[in-house]
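Okay, so here's the structure we're looking at.
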Amino acid sequence: MPVNIDAVGRAYGPHEPYEVTRVKIREFADAVDARSFAHRSEEAARAEGYPDVVAPTTFAVIIAQQAEFHVVVDPEVGVDFSRVVHADERFTHHRPIIAGDLISATVHIDAIKQRGGISMVTTRTELSDEDGAPVSTVTSTLAVREEA
Amino acid sequence: MSTENGPAFDALEVGEVVAERAVELTRDSLVRYAGASGDFNPIHYNEVVAESVGLPGVIAHGMLTMGTAASVVEEWAGPGNVVDLQTRFTRPIPVPAIGEAAVSFTAKVGALDAESRTARIDITVEHDGQKVLGKAQAVVSCA
C-alpha cells in the first residue's frame with residue numbers, strides 16, 4: 001500500500017510531556033561522544049551560564065522520534081516501517097534543552113513527495129516548554145520504498 | 001542563548017578547520033545509542049534483519065553519526081551554542097560484529113554572518129574514503 005499523499009497537513013499531539021532528566025542527558029551525551037562536563041555536572045553547567053545540566057545538540061531527537069512514531073503507526077498514512085530509511089534531519093533550537101524541562105511535542109506532516117517508487121515523508125515536530133514557549137523545531141524526512 | 005561562552009566571532013576565518021575527531025564505531029556504540037535514544041530499529045543490531053531489507057549488514061544509526069558530528073562542533077563551540085544543525089544521510093556506515101568502523105569528522109568555517117554573529121560550520125564525515133553525510137551544516141552562536 002503506498003503512502004497516502006492526502007495525509008499532508010495532519011498534526012498529532014501534544015501528548016503527555018517529556019520530562020528531561022540529568023541522568024538521560026548524561027546517558028545520551030555518552031552515546032554521542034559529547035564531552036563537555038556541562039552535560040554531566042550542574043556546577044559545570046552553571047559555570048557556562050545555564051541553570052542546570054544542558055542537553056547535547058541532537059538530544060531533541062528522543063522527543064521528536066516519539067512524536068513521529070504517531071505518524072508512522074497511523075494506518076491512514078500508510079508508512080511500512082520495515083521499508084523506511086532516514087533521508088534527512090534538521091534541528092533549529094530556539095533555546096537549549098535543560099534538565100528539568102517538561103517538553104511537549106506536536107508533529108505535523110509537512111510534505112509527501114512520490115517518485116520512482118519512493119515516498120519522501122517530511123515531518124516537522126515543534127517542541128515547547130511548560131509555558132508554551134518554543135524550544136526546538138525538528139524536521140525529518142523518511143524515505144519509504146513502496147512494494148514492487 | 002548563552003553566547004558569552006561561545007567562540008570569539010572576530011577571530012574566525014572562512015575555511016579555517018575548527019575541530020577534528022576520529023571515532024571508531026563498534027556494535028557496542030550502536031547498542032548504547034539505541035538505548036540512549038530509544039531507536040530500537042533492528043537494522044542497527046541484527047544482521048539477519050538488516051540483510052533482509054537489502055542492507056550490506058548492520059549499519060550505524062544516521063542519528064548516531066549526526067549526533068557525533070554535533071558533539072565535535074559543540075566541543076569547540078561551547079555547550080548549547082549550536083543553534084541549528086542539518087544533514088542528509090547519503091551513505092550508510094556498516095559496523096561489523098567484531099572490530100570497528102573508522103569514521104573521521106572535520107569541521108570547517110563555511111560562512112560568517114556579522115549581523116547575527118553566527119558562524120556556519122561545514123562538517124565533512126568520512127568512512128572508508130567516502131562521505132557519509134551530505135550538506136552537514138551547523139550554525140554556531142558566537143561571542
Side-chain angles (χ1 to χ4, degrees), chain A residues 18 23-40 44-45 47-51 53-66 68-69 80-98 136-143 145, chain B residues 1-6 21 23 25 28-39 41-43 49 52-55 59 61-75 77-90 92 105 133-141:
Chain A
Y18 179 94
V23 171
K24 195 66 189 179
I25 287 176
R26 173 192 284 255
E27 183 189 3
F28 190 85
D30 286 345
V32 296
D33 198 13
R35 297 174 180 175
S36 171
F37 288 109
H39 306 308
R40 296 170 173 86
E48 298 276 0
Y50 298 107
V53 171
V54 59
T57 308
T58 63
F59 184 90
V61 75
I62 299 172
I63 311 167
Q65 284 188 344
Q66 284 182 5
E68 290 161 18
F69 188 65
D80 178 351
F81 195 64
S82 70
R83 295 174 174 278
V84 160
V85 175
H86 198 176
D88 65 53
E89 184 85 7
R90 181 172 192 166
F91 300 85
T92 302
H93 294 304
H94 311 297
R95 69 159 174 86
I97 293 175
I98 307 290
S136 300
T137 302
V138 184
T139 309
S140 182
T141 302
L142 298 179
R145 283 176 293 120
Chain B
M1 293 298 151
S2 177
T3 46
E4 313 85 67
N5 67 347
R21 192 182 293 184
V23 171
L25 294 179
D28 296 31
S29 324
L30 273 50
V31 171
R32 184 182 290 268
Y33 184 77
S37 67
D39 183 344
N41 189 329
I43 62 172
V49 173
S52 76
V53 296
L55 294 167
I59 61 166
H61 303 74
M63 285 308 305
L64 170 56
T65 309
M66 186 186 198
T68 307
S71 298
V72 173
V73 176
E74 197 173 10
E75 185 176 32
N81 289 331
V82 178
V83 295
D84 193 292
L85 178 71
Q86 64 174 312
T87 197
R88 283 185 280 115
F89 303 101
T90 49
F105 299 82
L133 297 183
K135 202 190 173 196
Q137 295 182 345
V139 176
V140 169
S141 187

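Note that the structure is predicted; figures quoted are calculated from it, not measured. Chain letters run A, B, ... following the sequence lines, proteins first and then strands; every chain starts at 1.
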Q: Among the options A:Ala47, A:Ala45, A:Ala87, A:Ala55, pick out the one with the most heavy-atom pairs lying under 4.5 Å from chain B.
A: A:Ala87
Q) Looking at A:Asp33 and B:Arg21, does any basic side-chain N land under 4.0 Å from a carboxylate oxygen? A) yes
(Q) Would B:Met63 and B:Asp39 count as a side-chain contact (heavy atoms from CB on, under 4.5 Å) here? Give the steps. (A) CA-CA 9 Å; B:Met63 285 308 305; B:Asp39 183 344; 5.8 Å; no
**Q.** Most contacts with chain A, counted as non-hydrogen pairs under 4.5 angstrom, among B:Leu64, B:Leu85, B:Thr68
**A.** B:Leu85
Q: Without swapping roles, check the side chain of B:Glu74 against the backbone of B:Asn81 for a donor-acceptor pair under 3.5 Å.
A: no
Q. Which atoms of A:Ser36 come close to chain B, meaning under 4.5 Å heavy atom to heavy atom: side chain ones, backbone ones, both, or neither?
A. side chain
Q.
Which one wins on heavy-atom pair count under 4.5 Å against chain B: A:Asp88, A:Ile98, A:Val85?
A. A:Asp88
Q.
With chain B as the partner, which of A:Gln66, A:Glu27, A:His86 has the greatest number of non-hydrogen pairs under 4.5 Å?
A. A:His86
Q) Salt bridge between A:Arg40 and A:Asp30, side-chain N to carboxylate O under 4.0 Å? A) yes
Q. Going by distance alone, is a donor N or O of one side chain under 3.5 Å from an acceptor N or O of the other, for B:Asp84 and A:Thr92?
A. yes
**Q.** Per-residue contact mode, A:Gln65 against chain B (heavy atom under 4.5 angstrom)
**A.** side chain
Q: Would you mind checking which part of B:Val49 comes under 4.5 Å of any heavy atom in chain A, side chain (CB onward), backbone (N, CA, C, O), both or neither?
A: neither
Q) Just by modelled atom types, is the A:Ile62 backbone N or O under 3.5 Å from a matching donor or acceptor in the B:Ser37 side chain? A) no
Q. Side chain, backbone, both or neither: which part of A:Ala44 has an atom under 4.5 Å from a heavy atom of chain B?
A. neither
